[in-house]
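Since the structure comes first, as structure tokens, the remarks are kept for the end.
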Amino acid sequence: MKRVLTLVLPILLAVFALAACGSDGDDSSGSAETAYGGDHPMSGMPSMSMSMPMSMPAGAQREIVISDFTYTLPGTFAPGEEVTVRNDDTAEHTVTADTGDLFDVEVEPGATATFTVPRQPGTFAFHCTYHPNMVGTLEVR
């Protein structure tokens, strides 16, 4: 029983503390003066809200990152989407389609380059022409 209280009590205290910080529903302005009262050192300061976007905003450009001789992709791409490739390594790399001439971009160390993904949906294997062990797959949906 003591162990359960030791685990549950901090959680309950945190929940109550967070609830006390919330708005009472009377003022939706979200100002620091409302949250802290007029005599608080933070009164008059603008309130801040932080949130993580659930998806990329329309028109935002996503990156393929090259680091430690590895590609990191942000997920699937839309047909015809323009993508930035950022090379965080000290060696030159490429993002080159395994078949055809669908895409082939060279990126200097510490630099970025852009290319347009294929306009047709599919899965496209790619590699680095300088480092054959570097491979990846570009998924277009």
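The model shown is predicted, which means the values in this text are computed figures rather than measured ones.
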OG1 of T112 to CG of D88: how many Å apart, nearest 0.5 Å? 10.5 Å
Measure the OG1-CZ distance between T99 and F124 for me, rounded to the nearest 0.5 Å. 8.0 Å
Decide yes or no for F115 and I64: does some side-chain heavy atom of the first lie under 4.5 Å from some side-chain heavy atom of the second? yes
Would you say that F103 contacts L138 through its side chain, given a criterion of any heavy-atom pair below 4.5 Å between the two side chains? yes
For [X] against [Y], the heavy-atom pair lying closest together:
X: G80; Y: R119; answer: CA-NH1, 3.4 Å
X: N87; Y: D89; answer: OD1-N, 2.8 Å
X: P109; Y: A91; answer: CG-C, 3.6 Å
X: V140; Y: Q120; answer: CG1-O, 3.7 Å
X: A113; Y: V107; answer: CB-CG2, 3.9 Å
X: H127; Y: A97; answer: CE1-O, 3.8 Å

Can you hop from L73 to V83 via hydrophobic side chains spaced under 4.5 Å? yes
Taking only residues at least two apart or on different chains, which pairs with a member in residues 132-141 satisfy side chain to side chain donor-acceptor pair (under 3.5 Å)? E139-R141
Which pairs with one or both residues in residues 64-78 pass side chain to side chain donor-acceptor pair (under 3.5 Å), sequence neighbours excluded? none
Might you work through the side chain to side chain contact (heavy atoms under 4.5 Å, CB included) test for V105 and T114, ending with a clear yes or no? CA-CA 7 Å; V105 63; T114 60; over 6 Å; no
Heavy-atom donor-acceptor pair, T94 side chain to T129 backbone, under 3.5 Å: yes
Treating H93 as the side-chain partner and Y130 as the backbone partner, does any N or O pair qualify as donor plus acceptor under 3.5 Å? no
